[in-house]
Structures are given as structure tokens and as C-alpha cells.
Amino acid sequence: MCCRRFSSGFTTSGLFDTLRCFRGSSGYSSASSTGRTSWSSAPRKERRPLFPARIHSKALNLRPSVIRSLHPTLQSCSCRATHSDAKLRDPFTLAQKDLTSLYDDIKKELFVAKTELKYLCDYYFDGRGKAIRPIIVVLMARAMNIHSNRAGDLLPGQRTIAMISEMIHTASLVHDDVIDRSDERRGKRSINDVWGEKKAILAGDFILSAATMALARIGNSTVVKVLSHVIEDLVRGEFMQLGSKENEDERFKHYLEKTYKKTASLMAHSCKAVSILVNSDPEVHEIAYQYGKNVGIAFQLVDDVLDFTSGAEQLGKPAAVDLKLGLATGPVLFACQQFPELHAMIMRRFSSKGDVDRAWQYVLQSDGVQQTTYLARRYCEEAIRQISRLQPSPERDALIRLTEIVLSRDK
């Protein structure tokens with residue numbers, strides 16, 4: 001597969017705009033056009049395509065009106081050659097040693113004398129989550145240590161950052177469930193459904209306070225500054241989710257920026273933080289940041305796709321929840337180009353009778369799911385390009401493999 005790379009200066013919306021510019025470009029070669037298969041999490045002896053071949057051509061069939069915005073420079077790169085001979089390692093196996101006692105250590109951070117509050121705080125730290133954030137942080141830390149000519153073992157501060165990333169994420173879930181009035185999370189009743197909204201908000205606040213105390217103990221002011229951006233982005237992202245944009249161009253930018261702030265910012269800044277502890281080179285910090293950012297956006301894009309393609313039992317939460325909350329995610333925004341009727345529904349946040357069912361049908365009849373999946377794949381390719389700049393190591397290769405897992409997951 002011929003890789004193309006984006007200049008390091010592209011913005012959150014830039015990749016989406018650039019994706020639209022590939023139509024008719026002779027320099028781009030997709031997996032389907034070359035006869036080769038794309039990345040997947042299948043065994044390396046026989047890789048299967050992640051998406052049907054037809055998606056690649058249709059994903060580029062987009063309105064010219066949406067193209068006019070940012071046009072990052074495309075350059076050739078040798079991402080494929082960088083890691084083609086490497087035996088990609090299983091990220092979960094490599095990170096397992098460092099994460100064995102992760103949840104127990106988090107519970108120690110959340111120690112409080114009041115029994116009920118402690119039970120609320122421990123409720124989601126039962127090991128049933130995907131733990132994708134601490135896995136990424138641990139692997140990035142080890143890869144950075146090796147790249148910086150140190151031993152691969154984690155520094156205490158790096159492990160603390162992995163723990164903090166899971167604590168901040170979980171606190172945001174607790175607050176999200178209150179805002180969305182969700183009654184299910186990770187296959188069981190949500191905290192707000194069991195104990196009520198007031199106690200759920202307090203539990204989320206307490207988890208955040210414990211995370212900030214752990215962050216302060218690291219003793220590195222730069223790391224504190226970097227991770228403080230995450231809390232700000234989470235709040236700003238939540239506010240962005242409450243609104244929408246009339247203009248189609250602005251709507252996509254709004255969606256991708258919100259996706260970055262609510263999901264990718266935590267991964268990006270956590271990766272950058274562990275690199276700061278072992279390397280003083282800003283360019284190396286940027287590699288870590290860009291990997292986390294691109295994987296994080298891809299992760300959420302796939303999550304938005306799963307809302308239309310997976311059942312509630314697989315997801316561990318109700319399906320079609322985004323539409324019911326009035327949210328227009330990637331599949332809907334792409335579908336709107338084929339079914340303009342969706343525009344009015346988006347603006348009224350699917351509040352009229354029958355809107356959710358009609359929007360659901362429009363998405364399934366359109367290429368919205370396929371185009372969103374394809375966009376996620378493009379972000380993963382950029383993540384691979386970034387991480388491939390580090391010195392070879394099992395952890396670096398595991399981070400490459402992780403992009404496959406992000407794209408092929410079904411829950």
C-alpha cells in the first residue's frame with residue numbers, strides 16, 4: 001500500500017478537508033486499487049481487508065463545497081517500509097505487567113473513610129473497562145524511554161500518568177452519564193441510575209480531585225501544565241456538544257474539534273507528558289502528542305460508527321444513543337450529503353416525532369458509516385507515520401498494532 005503523509009502542521013479539521021481532496025489524485029493508491037489488503041487485527045500470515053473495496057472510491061465522492069477550507073501539503077513517506085519487517089507485538093500482552101495492579105492502585109488513591117463515597121468511586125474501577133488509555137500511555141512511555149537511550153522500564157511518574165489518564169477518563173464518564181441521563185455503562189447500571197445524579201456528580205468530582213493530587217506528586221511543572229489542558233478540553237468539548245452549526249463546512253469542523261477535545265486530548269496530552277519525563281526535545285514530544293491525538297480521534301470515529309452497527313449487548317450501553325441525545329456524529333453528517341432532509345433534523349436535534357427512526361434509516365441507506373470508517377483509517381495512518389519516527393522497539397511496534405485494533409474493534 002502506497003502511504004501518503006500529511007504535513008505536521010495539519011489541524012483537527014485539516015485531515016478531513018484533505019481527505020476530500022484525494023478524489024481524482026493519481027498519487028494516491030488505496031488498498032483496493034493495488035490489490036493489497038489494508039490493516040486488520042487478523043494474524044499476520046493472512047491479513048483481511050477492514051472494509052469492502054467499494055468504500056475507497058465512494059469515500060472520496062464528496063461535495064466540492066465542503067472542500068474549501070484547509071489544504072495541508074501532502075508528501076511522500078515510507079511508513080510502510082519503516083515497520084513492514086517488524087513482527088508487530090500484541091499491545092495488551094506487552095502492557096500487562098505494568099497494568100496488573102492498576103485498578104488496585106487507583107482504589108488506593110481514592111481511599112476515603114466514608115463507605116458510600118468509596119463504593120461509588122470504586123464502582124467503575126472493576127477491571128471491566130477497555131483500559132485503552134493506560135495501555136497507550138504505558139507503551140508510549142516504554143517506547144520513549146528506549147528512543148531516549150534509557151532502559152525500557154517505566155519511571156514512577158510515567159506509571160502515575162497512566163493511572164491518572166484512566167481516572168480522568170472514568171470521572172468524565174460519570175459526569176457524561178449524568179448529562180445524558182444514561183442508565184447503563186460497561187454492561188451494568190450507571191452510577192447516577194443507582195445512587196442518583198447528585199451523588200454521581202460528587203463521585204466524579206472526587207475522582208478528578210484524586211487525579212490532580214496524584215499529578216501534583218509527580219513534581220514536574222511542565223507535566224502538570226500539559227495535563228491541565230485535558231480538564232479544560234473536556235469541559236469545552238461538552239459545551240460544544242450542546243450546540244450545532246448551520247453551515248455544513250462549519251458543522252464538520254465543529255464535530256472533529258469536539259471529538260478532539262472530548263476524547264483525543266486526554267490521549268494526546270498523556271502521551272506527551274510521559275515523553276517529557278525522559279526527553280527534552282520538543283520534536284519528540286510532538287511525535288508522542290500527534291500519535292495520541294490521531295489514535296484518539298480515530299477511536300471516537302469508530303465509536304460513532306459502532307452506535308449504528310453494533311447492538312446494545314455488544315457495546316455495554318444502549319445503541320443509537322447519540323441520535324436520541326440529539327447528536328449528529330460522523331455517519332449522520334456524511335449521510336446528510338446524500339439525504340439533505342437530514343439537515344433540518346440535525347438543526348432541531350432530532351426532537352420531532354419520528355426523527356430518530358428516519359435519521360437511522362437515512363444513515364444505513366447512505367455511505368455515512370463507510371466514509372466515517374475510512375476517515376478513521378486515515379487518522380490511524382497518520383498515527384503510524386508519527387510513531388514510526390521513533391527508534392524500533394517492541395513497544396513502538398505494539399503502538400502500530402494498536403491502530404489495527406482500534407479500527408477493527410466491535411465494542
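Just so you know, residue 1 is the first one in the sequence shown, and it goes up from there.
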Testing Gln241, Arg236, Glu238 for side-chain contact (heavy atoms from CB on, under 4.5 Å) with Lys261, which one passes?
Arg236

Please identify which of these residues, Val278, Leu277, Asp281, meets the side-chain contact (heavy atoms from CB on, under 4.5 Å) condition with Ser148.
Val278

May I ask you to say whether [X] pairs ionically with [Y], meaning some side-chain N is under 4.0 Å from a carboxylate O?
{"X": "Glu341", "Y": "Arg358", "value": "no"}
{"X": "Asp303", "Y": "Arg409", "value": "yes"}
{"X": "Glu381", "Y": "Arg377", "value": "yes"}
{"X": "Glu257", "Y": "Lys253", "value": "no"}

Taking side chain as C-beta onward, heavy atoms only, is Tyr291 less than 4.5 Å from Thr403?
yes

Heavy-atom side-chain proximity of Tyr124 to Ser190 below 4.5 angstrom:
yes

Evaluate the side chain to side chain contact (heavy atoms under 4.5 Å, CB included) criterion for residues Arg159 and Asp105: first the C-alpha distance (whole Å), next the side-chain angles of each, then the deciding distance (0.1 Å), finally the verdict.
CA-CA 11 Å; Arg159 191 178 185 283; Asp105 291 342; 2.9 Å; yes

For Glu250, does the CD atom have more than 12 heavy-atom neighbours from other residues, nucleotides or ligands under 6.0 Å away?
yes

Candidate pair Asp304 and Gln300, rule side-chain hydrogen bond (donor to acceptor under 3.5 Å, both in side chains), full reasoning:
CA-CA 6 Å; Asp304 293 342; Gln300 185 58 50; 2.9 Å; yes

Go through the steps to decide whether Ser265 and Asp233 satisfy the test side-chain hydrogen bond (donor to acceptor under 3.5 Å, both in side chains), and finish with yes or no.
CA-CA 7 Å; Ser265 175; Asp233 284 341; 2.6 Å; yes

The reported gap from CD in Glu109 to CD1 in Ile207 (rounded to nearest 0.5 angstrom) is 12.5 Å

Quick check with a 6.0 Å cut-off and a 45 degree axis cone: is Arg133 positioned over the face of Phe299's six-membered ring?
yes

Taking the cut-offs as 6.0 angstrom to the six-membered ring centre and 45 degrees off its axis, would you call Lys188 and Tyr123 a cation-pi pair?
yes

Aromatic ring pairing His229/His269, orientation class (parallel under 30°, perpendicular over 60°, tilted between):
parallel

Show the numbers, then the answer: is there a side chain to side chain contact (heavy atoms under 4.5 Å, CB included) between Arg251 and Met347?
CA-CA 10 Å; Arg251 192 183 292 154; Met347 294 313 299; 3.7 Å; yes

